[in-house]
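Atom set for the values below is all heavy atoms of this structure, side chains included, hydrogens, waters and symmetry mates excluded.
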Amino acid sequence: MSAVADVFSYIAIGAGAFFFLAGTVGLLRFPDTLTRLHALTKADNLGLGLVVLGLLPHVDGVLNGMKLVVIWLLVLLSGADAGQLIARAARRALRRHPPA
Amino acid sequence: MSGASEPLTPAPVPSRIRTVVTRGAWLFGLWIVLMQSAKPADLAVGALAAIGATWVSLRLLPPYTGHIRLLVLVALLPRFAWQSLRAGIDVALRAFSPSLPLRTGFVEYRTGFPRGQARNNFATITSLMPGTVPAGDGEHTIELHCLDVSQPIAVEMAEEERLLARALIPGESHE
């Protein structure tokens, strides 16, 4: 049972790290503010979610598990909201100064 | 899966007291989950933090008539997880591809959600979907920035809206 949990954790946390890397590569390679937001909001949220999922089998107590999930949800919400605020600001800036 | 068991009465604007008590209880509960301490000094700090957070939440988001059907939303969780996975894989494939395949652009999506909290919640949830980030809105539209405008964005959004319309109930206009 614990070996299964370990393998699950390795896979989930490894996949999480992969998506963090993908988000960072996107942040560096994508051409503009709005496109970079995609990389950060999608890939990092998923990365964190997978890391949390991988840690869950190893926490003791339901409350500790809930804590991890709540942290993920808070990051998810604040990321989605902050991402939208930046997107709206970038869109307004684009309207004021359209690219030549 | 269906929310049919829940009452469909048009909810009146909740009283300020009720809003304060509900939000305060949720925020204090959140503190307890995050801190996990039963020491009186910690609980006192937590209570103060919850009071402060409730005050801020009333300033930023006054009581409103709309509401969220939590059970319907929870039933949709597996779908959100799947969409989130698709979105992450989509971004990863594009980011790692040597040719950087992007066809970015804006799509005006026509929505049935009136401006307000329900639409904001809808936009927030859909910002986790593959390839779209909400970047503005009009009277009846949400403007989406898309990684690839050749994708069937409007079709996917409409499907999402159909499902979420049962969970996110708009209130009276409160702008």
When rounded to the nearest 0.5 angstrom, what is the spacing between [atom1] in [X] and [atom2] in [Y]?
X: A/Ile71; Y: B/Leu34; atom1: CD1; atom2: CG; result: 6.0 Å
X: B/Thr104; Y: A/Asp32; atom1: OG1; atom2: CG; result: 6.0 Å
X: A/Gln84; Y: B/Asp137; atom1: CD; atom2: CG; result: 9.0 Å
X: B/Asp148; Y: A/His38; atom1: CG; atom2: NE2; result: 10.5 Å

Original post:
If we only count heavy atoms from C-beta on, is the A/Thr41 to B/Ser127 side-chain gap below 4.5 Å?
Top reply: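 Contact flag for A/Thr41/B/Ser127 side chains = no.
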Original post:
Should A/Phe30 and B/Leu100 count as side-chain neighbours, where that means a heavy-atom distance under 4.5 Å?
Top reply: yes
**OP:** Answer with side chain, backbone, both or neither: which region of B/Ala81 has an atom nearer than 4.5 Å to a non-hydrogen atom of chain A?
**Re:** neither
Original post:
In terms of heavy-atom proximity below 4.5 Å to chain A, should B/Ile89 be classed as side chain, backbone, both, or neither?
Top reply: both
When you group the ILVMFWY residues by side-chain heavy-atom contacts below 4.5 Å and let the links chain together, are [Y] and [X] in the same group?
X: A/Ile86; Y: B/Ile125; result: no
X: B/Val149; Y: B/Leu102; result: no
X: B/Ile32; Y: B/Trp26; result: no
X: B/Phe80; Y: B/Ile68; result: yes
X: A/Leu50; Y: B/Trp82; result: yes

Subject >> Stepwise side chain to side chain contact (heavy atoms under 4.5 Å, CB included) test for B/Val91 and A/Phe19 >> reply: CA-CA 9 Å; B/Val91 162; A/Phe19 281 110; over 6 Å; no
Residue [X] versus chain B: region with a heavy atom under 4.5 Å:
X: A/Arg95; answer: side chain
X: A/Asn64; answer: both
X: A/Leu74; answer: side chain

For chain B, which of [options] has the most heavy-atom pairs under 4.5 Å?
options: A/Gly26, A/Ala39, A/Ala43; result: A/Ala39
options: A/Leu27, A/Val25, A/Leu85, A/Leu34; result: A/Leu34
options: A/Leu68, A/Thr24, A/Leu63; result: A/Leu63

Original post:
Mind checking what makes salt bridge (charged side-chain N to carboxylate O under 4.0 Å, His left out) contact with A/Arg29, not counting sequence neighbours?
Top reply: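 None.
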**OP:** Using distance alone, with no hydrogens and no angle criterion, decide if B/Thr124 and A/Asp81 have a side-chain donor and acceptor under 3.5 Å apart.
**Re:** yes
**OP:** Please name the residue in the list B/Leu85, B/Leu147, B/Val133, B/Asp90 that meets the side-chain contact (heavy atoms from CB on, under 4.5 Å) test with A/Lys42.
**Re:**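 So the option named by the test is B/Val133.
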**OP:** Report the residue from A/Leu94, A/Thr35, A/Thr33 that forms a side-chain contact (heavy atoms from CB on, under 4.5 Å) with B/His145.
**Re:** A/Thr35
Exceeds 12 heavy-atom contacts within 6.0 angstrom, atom [atom1] of [X]:
X: A/Tyr10; atom1: OH; answer: no
X: B/Arg79; atom1: CZ; answer: yes
X: A/Leu28; atom1: CG; answer: yes

Original post:
So which of B/Met129, B/Arg94, B/Gln36, B/Met35 has the largest heavy-atom pair count under 4.5 angstrom toward chain A?
Top reply: B/Gln36
Original post:
Looking only at heavy atoms, which two atoms of A/Leu46 and B/Ser84 are closest? And how far apart?
Top reply: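 Heavy atoms only, the tightest pair is CD2-O, 3.7 Å.
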Subject >> Nearest heavy-atom neighbours spanning A/Ala22 and B/Ala92 >> reply: CB-CB, 3.5 Å
